[in-house]
Amino acid sequence: MTNRDDMTLTSSGYYVSQEAPIHSDNPVSTPTATPPDILRCAYMELVVTDLAASRQFYVDVLGLYVTAEDDDAIYLRSTEEFIHHNLVLRKGPVAAVAAFSYRVRSAEDLDRAVEFYTELGCDVRRNPEGFVMGIGDSVRVVDPLGFPYEFFFETTHVERLSWRYDLHTPGELVRLDHFNQVTPDVPRAVRHYQDLGFRVTEDIQDDEGTVYAAWMRRKPTVHDTAATGGDGPRMHHVAFATHEKHNILAICDKLGALRRSDAIERGPGRHGVSNAFYLYLRDPDGHRVEIYTQDYYTGDPDNPVITWDVHDNQRRDWWGNPVVPSWYTDASLVLDLDGNPQPVIARTDSSEMAVTIGADGFSYTRRDEGEESMPEYKQGEYKLGHQL
């Protein structure tokens, strides 16, 4: 249970503590094997049902660069990337995620990945030639939470396009920033990823200690992945970063000009969690893509953990704008290593949508005033049924 006495309430309205105040009652066992040394999230392999429609969205609209393509797959990268790709679009019968892929520090870390996940009894497969073009010796696993993870070190280098200003667009996507995973038991996920060396930077809880989401990082930013509470395992979103918030506004303008504003699910806006400027889009298959910028450095060993109250109206949007219900309910299926959709397990803990948007939801702008700090039309974060 969360003890607020162990946290410091800041002038910005969130709490800080030195260690992540998250404890699992049903933890994944901690292997004796050394975990692989993960550097960063590197790419995602997405299965799409219409490769041409997806190419138009990711290349023609969002401006990702094509490294290679054939009739079955397209390999895309962002401006600052020098490895072969950040996104693989693979044609398939069911829209889903085939791999959340991480780069590790050395080739020896692939041996460690095999030992770590074999000890946990996971499905572990290694391909010295790589599972996709441009990636060498790789290990793929279905982790204890049901997610398909990949680890690799060897990769083909390609030209970094940061200096090719003649190619840049107003909404330039400069790098892959993070993944977001939907899982029924957030504390269980946090504990397991801490065993992999991830550190928690922020989380959302209530006074009773229910954990609704947590952000975890390997590189020194807010996150490489996040665990969002919900029915899972599923993929909530994959995020690409821009340099400035005006790049995000340019993407919105472009979508409007193309009469594709229906691709915008939420935003643009400013998050409370992460402090980042954001935009959420849905691709032709419904996969959610976040465009993200201006979070903060987290690399110091004593970087404090931020905890947000689930009823704080500004945790998800710093300006207090409502979160559309689809953002809480919709997510992409994930596959096992044979390409079959993983079964989705229902969350049994309270849902963030139910406690903040549902009929009994209550939120606040100023905690000491409670829900009365908000005008009536905003109480309950625009309760379901109050939206036009």
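All residue numbers refer to positions in the sequence shown, counting from 1.
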Review item, side-chain donor-acceptor pairs of residues 248-262, under 3.5 Å, at least two apart:
unit_1, atom_1, unit_2, atom_2, d
K254, NZ, D60, O, 2.9
K254, NZ, V61, O, 3.1
R260, NH1, Q56, OE1, 3.4

Query raised in the report: Going by the angle between their ring planes, with limits at 30° and 60°, are Y193 and Y149 parallel, tilted or perpendicular?
Result: parallel
Requested in this report: Answer yes or no on whether R103 is positioned over the face of F151, meaning its NZ or CZ is under 6.0 Å from the six-membered ring centre and within 45° of the axis.
Outcome: no
Query raised in the report: Parallel, tilted or perpendicular: which fits the ring planes of H237 and Y280, with parallel below 30° and perpendicular above 60°?
Result: perpendicular
Requested in this report: Indicate, with yes or no, if the rings of H157 and H84 have centres closer together than 6.0 Å.
Outcome: no
Query raised in the report: Listed by chain and number, what are the side chain to side chain contact (heavy atoms under 4.5 Å, CB included) partners of Y297, not counting sequence neighbours?
Result: P220, D300
Query raised in the report: Which pairs with one or both residues in residues 131-141 pass side chain to side chain donor-acceptor pair (under 3.5 Å), sequence neighbours excluded?
Result: Y43-R140, E45-R140, R126-D137, R140-E150
Query raised in the report: In chain order, what residues pass the ring pair (Phe, Tyr, Trp, His ring centres under 6.0 Å) check against H236, with sequence neighbours excluded?
Result: W327
Requested in this report: Would you please classify the geometry between the H192 ring and the F116 ring as parallel, tilted or perpendicular, with 30° and 60° separating the classes?
Outcome: tilted
Requested in this report: Just jot down the ring pair (Phe, Tyr, Trp, His ring centres under 6.0 Å) partners of H243, sequence neighbours excluded, or say none.
Outcome: none
Report task. Would you mind listing the cluster partners of V94? Hydrophobic ones only (ILVMFWY), side-chain contacts under 4.5 Å, chaining allowed. Result -> L333, V344
Report task. Examine Y102 together with F100 and report whether their ring centres are nearer than 6.0 Å. Result -> no
Query raised in the report: Do E265 and S326 have side-chain N/O donor and acceptor atoms under 3.5 Å apart?
Result: yes
